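Labels below follow one simple rule: chain letters A, B, ... track the order of the sequence lines, proteins then strands, and each chain is numbered from 1. Here the structure is a predicted model, which means the values were calculated and not measured.
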Number of protein chains: 2
Amino acid sequence: MDEECCDMRGMLGFLILFLVSKKPMHGKEIADEIIKRKGEKPSPGTLYPAIKNLREAGFLDEVKEGKTITYTLTPSGKKALTVAKRKFCKIFLGVFP
Amino acid sequence: MDEECCDMRGMLGFLILFLVSKKPMHGKEIADEIIKRKGEKPSPGTLYPAIKNLREAGFLDEVKEGKTITYTLTPSGKKALTVAKRKFCKIFLGVFP
DNA sequence: GTAATTATATCGGATGACCGATATATATAA
DNA sequence: TTATATATATCGGTCATCCGATATAATTAC
């Protein structure tokens, strides 16, 4: 419990999946987008394992070009995101203005 | 990482604060509302410590009537919720349809 | 008055999200 | 070619969330 009453821990995988669904990205782009939204940079030790989990769950495909790896959603990832979004919206109904 | 790609761990305090902001409630009512939203019941060992944290942070006032305790937001709790909601909306911008 | 039910509370332990430091590999600069 | 910067990845450890079991206290049922 931080001073802002919640740390929103446990939402990183969901957020990554959502971000990649809007546009295929590589890790650095995902990190930058999270900085814009959360105001703080996720540690590489946080971000890349989270990406790896999504990949191992079959939710992300990767295309390696040189040193960058671009991630896209698999069909299974799209489905998982749909389910998670529906759940998310139901839980937090009314929070958004 | 569960099969739905996120467990939304770390959001319970925020959710409780939001629910109580809409209507003063006691613990059982909060639990029932969470069941409706998440589809599963929070363990008492989860719910009551979370409430206690919010109370000790100065975000909740309590009025005891018999065996039930009704919680309301303190001014500080209202302010914390406002800050947390703004943060939440910024992070998850675009997730809601 | 005793038993059963309900609401609140605590405890120990497990899980896993997260961070900082560090490692590797590719690309760029000098 | 050597040095630097960038992108990705891993490891060890910490901390908070969460659960199941259990406890307390008040209410209701009998």
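With distances taken from any side-chain atom of A:I69 to the nucleotides C:dC18, D:dT8, C:dT8, the minimum falls on D:dT8. Taking the side chain of A:T68 as heavy atoms from C-beta on, and the options C:dA17, C:dC18, D:dT8, the nearest nucleotide is D:dT8. Nearest nucleotide to the A:Y71 side chain, out of D:dC19, C:dT8, D:dA9: D:dA9. For A:S43, whose side chain is taken as the heavy atoms from C-beta onward, the closest listed nucleotide among C:dT8, C:dC19, D:dT10 is C:dC19. With D:dT8, C:dT8, D:dG20 as the candidates, the nucleotide lying closest to the side chain of B:K28 is C:dT8.
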Verdict with supporting geometry, B:K28 and B:D32, salt bridge (charged side-chain N to carboxylate O under 4.0 Å, His left out):
CA-CA 6 Å; B:K28 185 59 182 355; B:D32 289 342; 3.7 Å; yes
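To the nearest angstrom, C1' of D:dC19 lies 15 Å from CD1 of B:I35. The CG-C1' distance, from A:L47 to D:dC11, rounds to 16 Å in whole Å. The separation between B:K38 atom NZ and D:dT17 atom C1' is 10 Å, rounded to whole Å. Atom pair A:R55:CZ and D:dT8:P shows a separation of 11 Å (rounding to whole Å applied). Between the CZ atom of A:F14 and the C1' atom of C:dA17 there is a distance of 17 Å, given to the nearest Å. The nearest whole Å value for the distance from the NE2 atom in A:H26 to the C1' atom in C:dT26 is 13 Å. Spacing between atom OH of B:Y48 and atom C1' of C:dT8 amounts to 5 Å, rounded to whole angstrom units. Between the CD atom of A:E62 and the P atom of C:dA25 there is a distance of 16 Å, rounded to whole Å.
Side chain of A:T82 to main chain of A:K78: a donor-acceptor pair is present (N/O by atom type, distance under 3.5 Å, no hydrogens or angles). Without hydrogens or angle criteria, A:T72 side chain to A:P24 main chain gives no donor-acceptor distance under 3.5 Å. Remark: side-chain polar atoms of B:R55 are not paired, donor with acceptor, to backbone N or O of B:D61 under 3.5 angstrom.
Closest approach of B:K36 and A:K90 over heavy atoms only: O-CE, 3.3 Å. The two residues A:K85 and B:V95 come nearest to each other via the heavy atoms CE-O, 3.5 Å.
A:G45 comes within contact range of at least one nucleobase, with a heavy-atom separation under 4.0 Å.
Between B:K52 and C:dT10, a side-chain N or O to OP1/OP2 separation shorter than 4.0 Å is present.
B:F14 has its ring centre no less than 6.0 Å from the ring centre of B:F92.
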In B/S/- notation, 5' to 3', how is nucleotides 22-27 of chain D contacted by protein heavy atoms closer than 4.0 Å?
----SS
